[in-house]
Amino acid sequence: MGTNFPQSHHLQTTHLSLPRKQFLSYVLYALLPLALLHYLLFNPLAAPKPPLLAQPQAREAAPSQHRHAPVNALEEQLPPPPPAPGRGGEALGETQGGDVSASGSASPPCDYSDGEWVPDARPPLYDGTSCGTIKDGQNCMAHGRPDTGYLHWRWRPRRCDLPAFSPEAFLRWLRNRHLAFVGDSMARNQGESLLCLLASRSRPDLVYRDGQENRFRRWVFREHNATVSIFWSPLLVRVAEKAEHAGVRHNNVFLDSFDERWMSRLGGIDAAVLSVGHWFLIPGVYHDGGRVVGCHDCADLNRTETAFFGAFKEAVRRTLAEVARRHGADSKLVAVTTFSPAHFEGDWDKAGACPRRHPYREDEKGLGYTEKEMRRTVLEAVAAHAGAGPLRFAALDVTRLANLRPDGHPGPYMRSDPFAGGPDARVQNDCVHWCMPGPIDTFNEILLQTVTG
């Protein structure tokens, strides 16, 4: 028995065994159906991937769908505003025609504030002789600025497209409308830039002017029945301006009282562009409710110094709230241009105050604390009123792009032949305003996308 068991077991295993190569073949045949099933489950043939070269083309085509003004990061976090009556359900930041992606969600809005300056060989639409509305101090060409490189840059957003300015498109929108620029000299700078851009296709007629340095002016493009006005209001709210010749070096700013020189005219204005900021850096005393609530740069008044940021925030916030209160039932546009930084690198009355001849790269020049706070104040104030009704609020977010253009200011060429008195002569420099043509024209490229959005 003991000797037969191993022998019988050997015989059984011998009959049931297969050669090793044949055994492996059967195993492979058995695994093939399992592999095919796994492929079908996790790589469905019904959804083939597009060719690799087609993907960049699809991404590049997407920006052309954006019509609306830039929406900043804060606004992107807010829920979409309800559609305004009579506007076809469109709101600032939506895509043209309400386009949606394949997933069913709206395409992201175009953020014009994030980008870079790139070379552009195209000539500007106007020059220092072809446009008659350039303020003398910004006419760098006529005053002999020798370099012209500052004219040949364009702003390229990173994730969308900013079309070149089209005078024809702006004039079509402006037909039978009244557009007003309200604020300080930066508002005037932007308004005069727009007039020059439009004048390259249609000549405007000056029909009204008043005030020191023509601070209140109005033009009409008669063939389009279109009006552009400029209103001087350097702090938006009411102010008793400083008068150095009379020994008054402080602005008296009344935060609870509005500047009726422009506020009372809004009923006849279809779109207003507000732009303030630099005058808040000037010494000022702030009044609210009949009492002094703070002051800036006021050591000579024996008062406690307060930062100007609070006054700036209150002026912008209260102004937009008052505009909404008075005109909230109107289908109008109120755009607010964010703070445009200065670029002084030396004394304002010596040569070389703003000597650079090329734009900064983003990694060369970040925003300073003041620029960040002024920009944030505007963006938050505008976002607080977004979608509140038919009155449409928008932010023209130009702070970052302006910060990268130290080469675009008049510098000493705010005067004709500034070095006639010799290289060591006292020379006044403007490193705040912009040459025309120049970077300020980009502000109006963004404005065009805003008003037609």
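Hydrogens, waters and symmetry mates play no part in the numbers below; they use all other heavy atoms, side chains included.
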Please output the side-chain donor-acceptor pairs of residues 265-287 that fall under 3.5 Å, not counting sequence neighbours, one pair per line with the distance.
residue : atom : partner : partner atom : Å
Asp270  : OD2  : His178  : N            : 2.8
His278  : NE2  : Ser340  : O            : 2.8
His287  : NE2  : Asn252  : OD1          : 2.8

Report summary line: The reported gap from CZ in Phe165 to CG in Leu125 (rounded to nearest 0.5 angstrom) is 7.5 Å
Query raised in the report: Mind checking whether Arg217 and Thr133 have side chains closer than 4.5 Å, heavy atoms only?
Result: no
**Report entry** Atom pair SG/CZ of Cys110 and Arg158 - distance to nearest 0.5 Å
**Finding:** 13.0 Å
Query raised in the report: Quick one: are Phe419 and Pro412 in side-chain contact, heavy atoms under 4.5 Å?
Result: yes
Query raised in the report: Taking side chain as C-beta onward, heavy atoms only, is Trp219 less than 4.5 Å from Leu195?
Result: yes
Query - Any side-chain heavy-atom pair of Phe221 and Arg175 under 4.5 Å - result: no
Report task. Flag the pair Met186 / Thr337 as yes when at least one side-chain heavy-atom distance between them is below 4.5 Å, and no otherwise. Result -> no
Requested in this report: Give, for atom CD of Glu445 and atom CG of Leu401, the distance between the pair rounded to the nearest 0.5 Å.
Outcome: 10.0 Å
Requested in this report: Might you work through the side-chain hydrogen bond (donor to acceptor under 3.5 Å, both in side chains) test for Trp155 and Thr442, ending with a clear yes or no?
Outcome: CA-CA 7 Å; Trp155 180 249; Thr442 301; over 6 Å; no
Query raised in the report: Does Glu373 reach the main-chain N or O of Thr370 with its side chain, forming a donor-acceptor pair under 3.5 Å?
Result: no
Query raised in the report: If you round to the nearest 0.5 Å, how far is CG of Leu301 from SG of Cys295?
Result: 6.0 Å
**Report entry** Charged tip of Arg405 within 45° of Trp117 ring normal and under 6.0 Å
**Finding:** yes
Query raised in the report: Within 45 degrees of the axis of the six-membered ring of Phe254 and under 6.0 Å from its centre: does Arg238 put its NZ or CZ there?
Result: yes
Query raised in the report: Under the 3.5 angstrom rule, does the side chain of Ser130 hit a backbone N or O of Asp127 as a donor-acceptor pair?
Result: yes
Query raised in the report: How far does NE2 of His250 sit from NZ of Lys242, to the nearest 0.5 angstrom?
Result: 10.5 Å
Could you go through residues 319-328 and list every donor-acceptor pair under 3.5 Å that involves a side-chain atom there, pairing it with any protein atom two or more places apart or in another chain?
residue : atom : partner : partner atom : Å
Thr319  : OG1  : Ala315  : O            : 2.7
Glu322  : OE1  : Arg325  : NE           : 3.1
Glu322  : OE2  : Arg325  : NH2          : 2.8
Glu322  : OE2  : Arg326  : NE           : 2.7
Glu322  : OE2  : Arg326  : NH2          : 3.3
Arg326  : NH1  : Glu260  : OE1          : 3.0
Arg326  : NH2  : Glu260  : OE2          : 2.6

Query raised in the report: Do Cys354 and Glu345 touch side chain to side chain, with heavy atoms closer than 4.5 Å?
Result: no
Query raised in the report: Tyr150 ring centre to Arg145 NZ or CZ under 6.0 Å, with the angle to the axis within 45°?
Result: yes
Query raised in the report: Do the non-hydrogen side-chain atoms of Asn139 and Met436 ever get within less than 4.5 Å of each other?
Result: no
Report task. Decide yes or no on side-chain hydrogen bond (donor to acceptor under 3.5 Å, both in side chains) for His433 and Ser185, but give the supporting numbers first. Result -> CA-CA 8 Å; His433 303 94; Ser185 55; 2.6 Å; yes
Report task. Return yes if some donor-acceptor pair links the side-chain N/O of Asn251 with the main-chain N/O of Val253 below 3.5 Å, else return no. Result -> no
Requested in this report: Without swapping roles, check the side chain of Asp256 against the backbone of Gly289 for a donor-acceptor pair under 3.5 Å.
Outcome: yes
**Report entry** Distance flag, aromatic centroids of His143 and Tyr413, threshold under 6.0 Å
**Finding:** no
Query - Side chain to side chain, Thr399 and Met374, heavy atoms closer than 4.5 Å - result: no
Report task. Compute the ring centroids of Tyr369 and Phe309, then answer whether they are less than 6.0 Å apart. Result -> yes
Requested in this report: If the plane angle is over 60° it's perpendicular, under 30° parallel, otherwise tilted; pick one for His343 and His409.
Outcome: tilted
**Report entry** salt bridge (Lys or Arg N to Asp or Glu O under 4.0 Å) partner of Glu116, chosen from Arg159, Arg154, Arg156, Lys365
**Finding:** Arg156
Report task. Please confirm whether the backbone N or O of Trp348 pairs with a side-chain atom of Asn429, one donor and one acceptor, at under 3.5 Å? Result -> yes
Requested in this report: Just do the side-chain hydrogen bond (donor to acceptor under 3.5 Å, both in side chains) check on Trp173 and Glu168 with the steps written out, would you?
Outcome: CA-CA 9 Å; Trp173 174 85; Glu168 295 85 359; over 6 Å; no
Requested in this report: Can you measure from CG (Leu236) to CE (Met263) and round to the nearest 0.5 angstrom?
Outcome: 8.0 Å
Query - Audit row: Leu179, Phe181, side-chain contact (heavy atoms from CB on, under 4.5 Å) steps and yes/no - result: CA-CA 7 Å; Leu179 170 65; Phe181 289 85; 3.9 Å; yes
